[in-house]
Amino acid sequence: MCAMQMYELIGKKRDKKRLSKEEIEYFVSGYTKGIVPDYQASALLMAIFLNGMDTEEIFNLTSSMMRSGEVLDLSSIPGVKVDKHSTGGVGDKVSLILAPLVAACGLTVPMISGRGLGHTGGTLDKLESIPGFETNLSLESFVKNLSDVGLCMIGQTKEIAPADRKLYALRDVTGTVNSIPLISASILSKKLAEGTDALVFDVKLGNGAFMQKRKEAILLAKSLIQIAGRFKKKAVALITDMNEPLGEAVGNSIEVIEAVQALKGKWPEDLRDVTLALGAHMLVLGRKAKSLKQAEKKLEERLESGEALDKFRQMVKRQGGNPKVVDDYRLLPWAKHKMTVESEQTGYVKSIDTLKIGLSAVKLGAGRERLDSKIDYGVGFLIKKKVGDRVKKGESLAIVFCNDLKKGRWAKREIEQAYQIGKKKTNRLKKILFLVDEKGARKLAGSSWP
Ligand code: URA
């Protein structure tokens with residue numbers, strides 16, 4: 001190893017200087033191999049968090065993280081491979097619906113997902129609430145499932161983007177999550193390593209997202225598109241609202257149930273809007289539809305015919321899970337206790353502090369507070385009232401599902417405080433706000449953001 005020293009790299013970033021390609025490679029490969037300790041990696045992450053990185057540095061960070069493991073070549077599987085990735089939200093179970101739905105339309109969806117991060121839920125944790133479901137497959141099985149079923153959902157392995165696996169977990173517990181360079185490199189390193197041809201990003205914006213300001217969300221979307229472009233991948237991003245949880249369910253098994261219900265055609269409007277909009281872009285990028293309108297029609301047909309639900313069943317079975325969960329939700333983990341959060345006044349829901357809801361779910365056991373925390377898969381919330389809904393005093397705002405009564409009572413109070421009820425009628429939140437592609441950012445019709 002050359003005479004580079006981690007403390008010099010940390011000092012450079014602390015002093016707002018650029019890191020070279022070699023320095024970034026030294027950090028990423030050293031940390032992945034366990035040569036660079038957690039305390040030095042944490043210090044560098046915090047310096048990046050505070051002082052940022054330019055496009056060249058983000059590109060080099062992504063490239064080093066992607067090459068920390070294998071980069072899959074899926075050219076043996078015919079057709080276009082398309083994936084989507086969300087920057088993280090509360091109640092965001094879109095991947096569980098979207099991957100089988102898009103696969104049912106004839107595209108291959110190689111999906112490498114993440115675990116819960118900060119206050120946001122993770123697709124892998126949700127999937128693992130299905131008894132027996134395995135997200136840690138060998139690359140051979142991943143490719144075989146893709147070629148046989150058309151989709152496979154796994155996590156970063158020791159082989160695929162191992163640097164992201166370690167850095168993601170470290171960021172989660174060191175206050176270094178919401179940084180544009182770190183999020184861009186984290187998402188893209190695993191997505192590029194999985195061998196996809198095109199990508200659709202769901203960049204969340206609002207009080208439950210890592211990006212709370214419109215400018216930041218657009219910058220993140222542009223960074224993702226720009227870096228994906230440098231790797232010659234077609235990509236678009238939708239910026240979607242996260243000023244309230246998406247759909248009703250927040251947790252793990254409870255979100256799997258909502259996703260399965262959606263695949264059966266029973267879903268809340270906001271979840272439907274976001275899923276179909278992202279799916280339509282995937283079909284257009286994957287050349288399965290000429291226009292977004294045609295793509296939406298195709299998605300709806302595959303839902304109605306039951307083909308999307310069938311793909312979900314096949315995926316669960318292939319990945320070791322019990323496919324009967326689709327027909328019998330009692331086979332999933334359930335919490336022992338249920339408590340209702342009642343409204344203390346009559347009026348309209350003015351706002352919901354979504355970060356508070358996400359953090360309460362984590363503390364209730366649906367996420368991790370420490371690297372080694374165990375997830376309680378059955379706990380979570382059902383959000384019964386959303387922004388713009390009329391509510392009467394004593395009516396239920398949300399339901400808390402818990403295994404520990406003390407924690408449940410605490411979460412109930414947190415949810416009560418997360419709701420702001422006003423006398424004035426408020427509008428429902430539009431979900432699809434901006435489209436970002438290589439031409440720039442455009443506000444979409446009906447977007448409620450200024
Ligand atoms: N999703 C990821 O994969 N990484 C991040 O850093 C944030 C969201």
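One-based numbering, in listed order, for ligands and for the atoms of each.
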Peer 1: From Cys152 SG over to Leu137 CG, what is the distance, rounded to the nearest 0.5 angstrom?
Peer 2: 5.0 Å
Peer 1: Decide yes or no for Ile183 and Phe210: does some side-chain heavy atom of the first lie under 4.5 Å from some side-chain heavy atom of the second?
Peer 2: yes
Peer 1: Can you tell me if Ser42 uses its side chain to pair, donor with acceptor, with the backbone of Asp38 under 3.5 Å?
Peer 2: yes
Peer 1: Please list the nearest protein heavy atom to atom 4 (N) of ligand 1 with its residue and the distance rounded to 0.1 Å.
Peer 2: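 Result for atom 4 (N) of ligand 1: Ser186 OG, 2.6 Å.
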Peer 1: Answer side chain, backbone, both or neither: which part of Thr87 comes under 4.0 Å from ligand 1, heavy atoms only.
Peer 2: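 Answer for Thr87: backbone.
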Peer 1: Within a reach of under 6.0 Å around NZ of Lys350, are more than 12 heavy atoms found that belong to other residues, nucleotides or ligands?
Peer 2: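 Counting other residues, nucleotides and ligands, NZ of Lys350 stays at 12 neighbours or fewer.
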Peer 1: Can you tell which part of Thr120 has a heavy atom less than 4.0 Å from ligand 1: side chain, backbone, both or neither?
Peer 2: neither
Peer 1: Quick one: which ligand 1 atoms are inside 4.0 Å of a heavy atom on Leu117?
Peer 2: 5 (C), 6 (O), 7 (C)
Peer 1: Return the closest protein heavy atom for atom 1 (N) of ligand 1 as residue, atom name and distance.
Peer 2: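 Answer, as residue, atom name and distance: His85 NE2, 3.3 Å.
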Peer 1: I need the atoms of ligand 1 closer than 4.0 Å to a non-hydrogen atom of Arg171, numbered in the order shown.
Peer 2: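 Listed by number with element, the hits are 5 (C), 6 (O).
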Peer 1: Please work out whether the ring planes of Trp334 and Phe401 are parallel, tilted or perpendicular, with thresholds of 30° and 60°.
Peer 2: perpendicular
Peer 1: Which residue holds the protein heavy atom closest to atom 3 (O) of ligand 1, what is that atom called, and what is the gap in Å?
Peer 2: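 Protein heavy atom at minimum distance: Lys190 NZ, 2.5 Å.
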Peer 1: Determine whether His85 and Lys190 make a side-chain contact, defined as any pair of heavy atoms from C-beta on separated by less than 4.5 Å.
Peer 2: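 Side chain of His85 against side chain of Lys190, heavy atoms only: contact under 4.5 Å found.
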Peer 1: When you compare ligand 1 with Asp164, is there at least one nitrogen or oxygen pair between them that comes in under 3.5 angstrom?
Peer 2: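 No, no N or O pair falls under 3.5 Å.
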Peer 1: So, Glu70 side chain and Glu159 main chain: donor-acceptor pair closer than 3.5 Å or not?
Peer 2: no
Peer 1: Please determine if Tyr168 has a nitrogen or oxygen closer than 3.5 Å to a nitrogen or oxygen of ligand 1.
Peer 2: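 N/O-N/O distance under 3.5 Å: no.
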